[in-house]
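Counting begins at 1 with the first residue of the sequence.
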Amino acid sequence: MRAVMTVLLLSGLLMSLGCTLFQSKESIYLHTATNQATQEQVRQQLGKPRLVSATRLGEPVWVYEVRDIEPMSQSSWSTLGSWCDEYTLRFDKEGILREWKHQSFVHGGELMPLSCNSTLGVEKPAL
């Protein structure tokens with residue numbers, strides 16, 4: 001019985017560590033910041049947003065983009081494209097982060113599109 005409990009505990013620990021290893025630093029921060037961080041605190045952590053807008057109710061919405069070139073795309077002979085993670089953050093009227101959404105896009109052959117969700121982008125599930 002003790003061996004089974006040890007195996008279960010170690011399995012749970014490894015799964016938790018595995019999920020953390022594959023999450024972006026932005027996602028890790030946003031998980032901890034939701035319902036407590038102010039706009040200023042988010043700006044200090046993530047920098048200036050790419051786009052700032054508001055909902056119909058006047059709640060601020062910020063969009064961040066994190067871009068990178070696909071592995072093996074460092075030459076014109078092997079252009080696979082780029083990937084782009086888009087983070088959409090919604091704050092309440094008091095400026096507290098209330099929710100956020102993460103989308104990942106892969107752009108085949110288009111190294112740096114104008115926006116993450118350009119017409120050439122293919123959405124990939126976010127981890």
Show, in sequence, the C-alpha distance, side-chain angles and deciding distance for Leu97 and Asn35, and conclude whether the side-chain contact (heavy atoms from CB on, under 4.5 Å) test is met. CA-CA 5 Å; Leu97 177 64; Asn35 293 322; over 6 Å; no
For Gln45, give me all partners under side chain to side chain donor-acceptor pair (under 3.5 Å), at least two apart in sequence or on another chain. none
Hits for side chain to side chain donor-acceptor pair (under 3.5 Å) against Thr34, two or more places apart or cross-chain, chain-then-number order -> Trp100
Less than 4.0 Å between a side-chain N and a carboxylate O, is that true for Lys93 and Glu59? no
Looking at Arg67 and Glu65, is there a salt bridge between them, counting it only when a charged N and a carboxylate O are closer than 4.0 Å? yes
With a 4.5 Å heavy-atom cut-off, do [X] and [Y] have their side chains touching?
X: Pro60; Y: Arg90; value: no
X: Val52; Y: Val63; value: no
X: Thr55; Y: Val61; value: yes

Phe91 meets the ring-ring contact (aromatic ring centres under 6.0 Å, His included) criterion, sequence neighbours left out, with Trp62
The single option from Lys101, His102, Gln103, Arg50 that satisfies side chain to side chain contact (heavy atoms under 4.5 Å, CB included) with Glu86 is Gln103
Heavy-atom pair of closest approach, residues Ile96 and Gln36: CG2-N, 3.8 Å
Not counting sequence neighbours, which residues clear salt bridge (charged side-chain N to carboxylate O under 4.0 Å, His left out) with Arg43? List them please. none
By side chain to side chain contact (heavy atoms under 4.5 Å, CB included), which residues pair with Val66, not counting sequence neighbours? Glu26, Trp83, Asp85, Tyr87
Side chain to side chain contact (heavy atoms under 4.5 Å, CB included) against Gln41, all qualifying residues, sequence neighbours excluded: Tyr29, Ala37, Thr38
Mark yes or no for whether Tyr64, through its side chain, and Leu51, through its backbone, hold a donor-acceptor pair below 3.5 Å. no
